[in-house]
Amino acid sequence: MTLLKYSLIAAPVAVLALAGCGPKTCDTGTSCDSSTNSGDTDTDTDTDTDTDTDTDTDTMTSDTAIGYVYYAGDAQTHSGAFVDGHFGYNVVNSAGSAICTDLSEWSDDGNAPAGGCPGCNWSFELGLANGTATGSECGNLLPSALVGGEWDGFTGSWGEADTYQYDYNGTPLTFTTVLFYYSTYTGNEGWFPLAYSYGSYANTSGDASSITFQKYAGYMYYYP
């Protein structure tokens with residue numbers, strides 16, 4: 001899961017799609033003949049009358065389903081201190097039901113976070129550890145299974161603000177209940193809103209003392 005992890009670091013500019021599908025097995029009719037005859041030197045003109053009435057109906061649609069990947073988690077604070085929280089992935093099927101939840105535990109690593117979190121009620125440098133994956137399809141996901149701990153060892157600066165004015169091509173949009181992440185990606189350093197609520201578009205809930213979030217990451221898995 002390294003590519004997904006580092007795409008978050010580069011989040012202002014990176015969009016990566018992961019998709020996988022095995023090769024379709026061809027039949028042995030005229031378009032995919034299994035006979036090679038590599039050493040044949042005779043001059044017959046092949047009067048084979050095989051008309052190949054192959055009725056193979058494999059279209060791959062029944063072989064795989066799609067799982068949509070979300071960044072997900074929660075954070076709790078009290079009196080200016082970080083209490084606990086989680087961060088990781090929630091993979092859902094086309095009906096919106098979770099098929100694999102892979103979360104690691106957040107904790108304050110004691111180091112100062114990046115400065116300048118815009119309007120934030122709090123900001124901390126948080127580390128991740130003790131990841132676990134639960135769900136019916138965690139072990140079946142392609143191109144790789146989620147086994148827990150994919151985010152363990154990752155450290156970054158995070159913050160929360162009640163509101164944030166986002167400049168959309170010159171038009172200010174007011175985001176609420178905003179979870180910020182500080183990107184260290186070269187050329188795109190700085191705070192950006194990873195998850196927020198805006199009108200009917202809501203991927204956060206709660207407040208500074210207890211926020212939960214689920215934001216589509218732009219990636220997909222396949223599973224049988």
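Hydrogens, waters and symmetry mates are skipped; everything else that's a heavy atom, side chains included, is used.
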Report task. Verify side-chain contact (heavy atoms from CB on, under 4.5 Å) between Ile99 and Asn140, making sure each step is shown before the conclusion. Result -> CA-CA 10 Å; Ile99 57 174; Asn140 298 322; over 6 Å; no
Query raised in the report: So, Ser205 and Thr212: side-chain donor and acceptor under 3.5 Å apart, yes or no?
Result: yes
Query - Between Gln165 and Thr174: side-chain donor-acceptor atoms closer than 3.5 Å - result: yes
Report task. Might you confirm whether atom OH of Tyr168 has over 12 heavy atoms from other residues, nucleotides or ligands at distances under 6.0 Å? Result -> no
Looking at every non-hydrogen atom in both residues, tell me the closest pair between [X] and [Y] and how far apart they are.
X	Y	result
Glu160	Asp207	OE2-C, 4.0 Å
Ser104	Gly149	OG-CA, 4.3 Å
Gly148	Ala133	N-CB, 3.5 Å

Cluster overlap [X] with [Y], hydrophobic side-chain contacts below 4.5 Å:
X	Y	result
Tyr166	Val178	yes
Phe124	Leu103	no
Leu142	Ile66	yes
Val92	Tyr216	yes
Leu173	Trp191	yes

Expected output: side-chain [X] to main-chain [Y] donor-acceptor under 3.5 Å:
X	Y	answer
Trp122	Phe82	no
Asp109	Gly127	no
Ser197	Thr177	no
Lys215	Asn203	no
Ser157	Ala114	yes
Asn121	Ala161	no

Report task. Please test Tyr221 against Leu146 for side-chain contact (heavy atoms from CB on, under 4.5 Å), starting from the C-alpha separation and ending with a verdict. Result -> CA-CA 10 Å; Tyr221 277 104; Leu146 290 178; 3.6 Å; yes
Return the orientation label for the [X] and [Y] ring planes: parallel under 30°, perpendicular over 60°, tilted otherwise.
X	Y	value
Tyr219	Tyr71	perpendicular
Trp106	Phe213	tilted
Phe175	Tyr164	tilted

Requested in this report: Determine, stepwise, if the pair Glu105 / Asp84 fulfils side-chain contact (heavy atoms from CB on, under 4.5 Å).
Outcome: CA-CA 8 Å; Glu105 298 175 358; Asp84 58 29; over 6 Å; no
Report task. List the steps, then state whether side-chain contact (heavy atoms from CB on, under 4.5 Å) holds for Glu150 with Asp102. Result -> CA-CA 8 Å; Glu150 279 77 10; Asp102 183 352; 2.4 Å; yes
Query raised in the report: So Phe180 and Tyr196, ring pair (Phe, Tyr, Trp, His ring centres under 6.0 Å) or not? Walk me through it.
Result: CA-CA 9 Å; Phe180 283 94; Tyr196 49 86; 9.2 Å; no
